[in-house]
Amino acid sequence: MPASPSGPVTSRTRSWWGWGYTDAHPDDAECVALGALLPGTLGRPLPVPRVADLSIGRPGVTPPTALAHLVTTDPGVRAAHAMGKAYRDVIRALRGRPGRIPDLVARPTDDREVADLLDWAGGRGVAVIPFGGGSSVVGGVEYRGDAHRAVLSLDLTSMDRVLEVDTLSRSARIQSGALGPVLEAQLRPHGFTLRHFPQSFEFSTLGGWLATRAGGHYATGRTHIDDFVQSLSVVTPAGTGTSWRLPASGAGPSPDRLFLGSEGALGVITEAWMRLQERPCHKASASVAFADFQQALEAVRAIARSGLSPANCRLLDPGEALLSGASHHGSSILVLGFESATSPVDSRLASAMDLALAHGGRSGRGAHGERGGHSGRDGKPAADDGAPADTAVSAWRSAFLRMPYLRDGLARMGAVVETFETAATWDRVPALIDAVRTEVGAAATKATGHPATVNCRLTHVYPDGAAPYFTVAVAGRPGDEVRIWDDIKAAASEVLHRYRATITHHHAVGRDHRPGYDLQRPAPFALALRAAKDALDPQSILNPGVLID
């Protein structure tokens, strides 16, 4: 059955250079207060950058008349499509050096227009960078180099409709340009949710999630967007294809897996049939404090193996807990959340709490359970919405949503802030976390001459391992922030490789993680990937430099 195309409408203005909405950015006074937390930052914040101050040249190409209505050369639009939202991107914009600004930005509305744009670009030597919400933090949506005469940013957000909802099979056919809130608003009247909520939910698209194999908020079970895919439609320079819509198949290598995680280098994902879920109406959450981080890790491992499947099982080390306001006493904090569309979850929370307490945890101020209610804004998970379970859960929830804005405030104060995530098996997780704290912290201090803070949290947990997420913050040197960031990134990548931890659990490879990815993938697979690139994109116009050269 068809779904309504209507979605949430907002008059708020997206920032062209930083995270999210301009009216949510820290003001100058808040930036100064943030800077005070890191010795050596600037005395006053860098000014908010203006598009008018950028040197934006005339486009190097002119689209044909038949495609001109899809294309804009507006300087502000071009600047907003020049890069993603990594710290490296933010500081370059603040310093007036955003990198290669695309010559054109196109907004196709269907597969045929995508194919026509690719045909034209291939014939003119124009690089095409697929672009969704622009929330990449790994250099995945910018052009680097000079091998192409011009650059076209292919913005897919005009393709944002839920085209069909199959209530019997509980799935939907959705265009890839749908932003998270737009997608969920169209599913809500049918009583369904995709149940995929990355931190970038408001500012990222279904196609972006698929192309980067994005991870969502949920800590166990279906943690990645891969798990929700029934079928993909992809437009490539070599042709258009759609995989069969199936609940499962053993027929050779999966065609969907070729494009999941391909980051726009092999084709443009335009539609997908996605598995849906009923909207949750039972929720419960609580927090547990630990004096010993190792005991907290053991508790999380026990919960991950218990079969209880918490929606949230987020472990914050003392530094992360302090930063989020979840603890001011040097404790590690475990945030637990459960939800269900069919039955109460209080007993599952109680069982998880029992496991945590048996490993040395101390209960928070109380648990919050809710029966017969509804999930919160846009169907987000129990620990993200509704009444706060306790002080720690409430503080963490607020900090989680606010953190990217605070990072940009610190960047305006000249601080260097890097976040990176990984995953490893349980036998390596404790040593890996210790090595990152010690070695990456030392590298940051060496690069800047200032003391560095390295915090860790577990974002996703599995029976056989976990996904640690690290935050590094240190005062930089004016004008040298990008080089320092590169040094920190290189140090982190070396530690991850030594411990055979993945270069990325859910942020994608992009251009920033290419060195680590090149080391991680087997050589025969690299040959196969190169052959696929040559076959599907013979002119090498699609997102050059991502995954393969």
Side-chain angles (χ1 to χ4, degrees), residues 111 162-176 187 192-196 206-216 218-236 238-278 304-305 307 309 341-342 423-425 460-467 500 502-506 508-509 517 520-537 542 547-548:
D111 287 25
V162 174
L163 299 172
E164 296 180 64
V165 174
D166 178 351
T167 57
L168 185 63
S169 303
R170 206 168 67 177
S171 53
R173 181 164 68 97
I174 308 170
Q175 290 183 306
S176 65
L187 294 177
F192 292 126
T193 175
L194 182 58
R195 197 182 182 264
H196 183 78
L206 173 63
W209 302 340
L210 296 167
T212 61
R213 297 184 65 195
Y218 292 93
T220 66
R222 293 178 174 179
T223 60
H224 280 69
I225 195 67
D226 313 33
D227 302 319
F228 300 95
V229 176
Q230 274 188 342
S231 167
L232 295 181
S233 294
V234 183
V235 177
T236 79
T240 299
T242 299
S243 60
W244 285 19
R245 181 184 165 213
L246 298 166
S249 173
S254 166
D256 295 334
R257 290 282 174 180
L258 179 64
F259 295 102
L260 288 168
S262 63
E263 302 190 29
L266 302 180
V268 180
I269 299 171
T270 56
E271 290 181 12
W273 273 98
M274 304 297 295
R275 299 181 177 95
L276 307 178
Q277 299 178 65
E278 295 177 14
R305 292 176 174 176
S309 299
T342 59
T425 51
H460 301 75
V461 294
Y462 306 92
D464 55 344
R500 292 300 188 266
T502 182
I503 193 62
T504 177
H505 173 265
H506 57 263
V509 175
Y517 177 65
Q520 180 175 329
R521 65 188 178 193
F525 178 78
L527 290 174
L529 189 59
R530 162 50 62 192
K533 174 72 171 177
D534 290 343
L536 296 172
D537 182 22
L542 284 174
L547 298 183
I548 45 180

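When reading the values below, keep in mind they use all heavy atoms of this one structure, side chains included, and skip hydrogens, waters and symmetry mates.
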Roughly how far apart are [X] [atom1] and [Y] [atom2], rounded to 0.5 Å?
X	Y	atom1	atom2	answer
L547	E263	CG	CD	4.5 Å
I174	L187	CD1	CG	5.0 Å
T212	I225	OG1	CD1	9.0 Å
L232	D256	CG	CG	4.0 Å
D111	T242	CG	OG1	7.0 Å
R170	R275	CZ	CZ	11.0 Å

Show the nearest heavy-atom pair for residues [X] and [Y], with the distance to one decimal.
X	Y	value
I548	K533	CD1-CB, 3.1 Å
L206	M274	CD1-CE, 4.0 Å
P463	R305	O-NE, 2.9 Å
L258	A532	CD1-CB, 4.4 Å
A211	G264	CB-N, 4.3 Å
L246	S249	CD1-CB, 3.8 Å

Pairing residues for R257 by the salt bridge (Lys or Arg N to Asp or Glu O under 4.0 Å) criterion, not counting sequence neighbours: D226

Residues in salt bridge (Lys or Arg N to Asp or Glu O under 4.0 Å) contact with D227, at least two apart in sequence or another chain: none

Does the side chain of [Y] come within less than 4.5 Å of [X]'s, by heavy atoms?
X	Y	result
F259	L210	no
R500	T425	no
V461	T220	yes
V162	F192	no
L542	L536	no
L276	D166	no

Only counting residues at least two apart or in another chain, list the ones meeting side chain to side chain donor-acceptor pair (under 3.5 Å) with [X].
X	value
T223	Y462
R521	D518
D464	none

Face-on cation placement of R195 at Y218 ring, 6.0 Å and 45° thresholds: yes

Pair Q230-R245, side-chain donor/acceptor within less than 3.5 Å: yes

Modelled atom types, side-chain donor and acceptor of S231 and S243, under 3.5 Å: yes

Whether H224 and H505 hold their rings parallel, tilted or perpendicular, with breakpoints at 30° and 60°: perpendicular

Partners meeting ring pair (Phe, Tyr, Trp, His ring centres under 6.0 Å) with H506 (sequence neighbours left out): H460

Check: G239 main-chain N/O paired with T236 side-chain donor or acceptor under 3.5 Å: yes

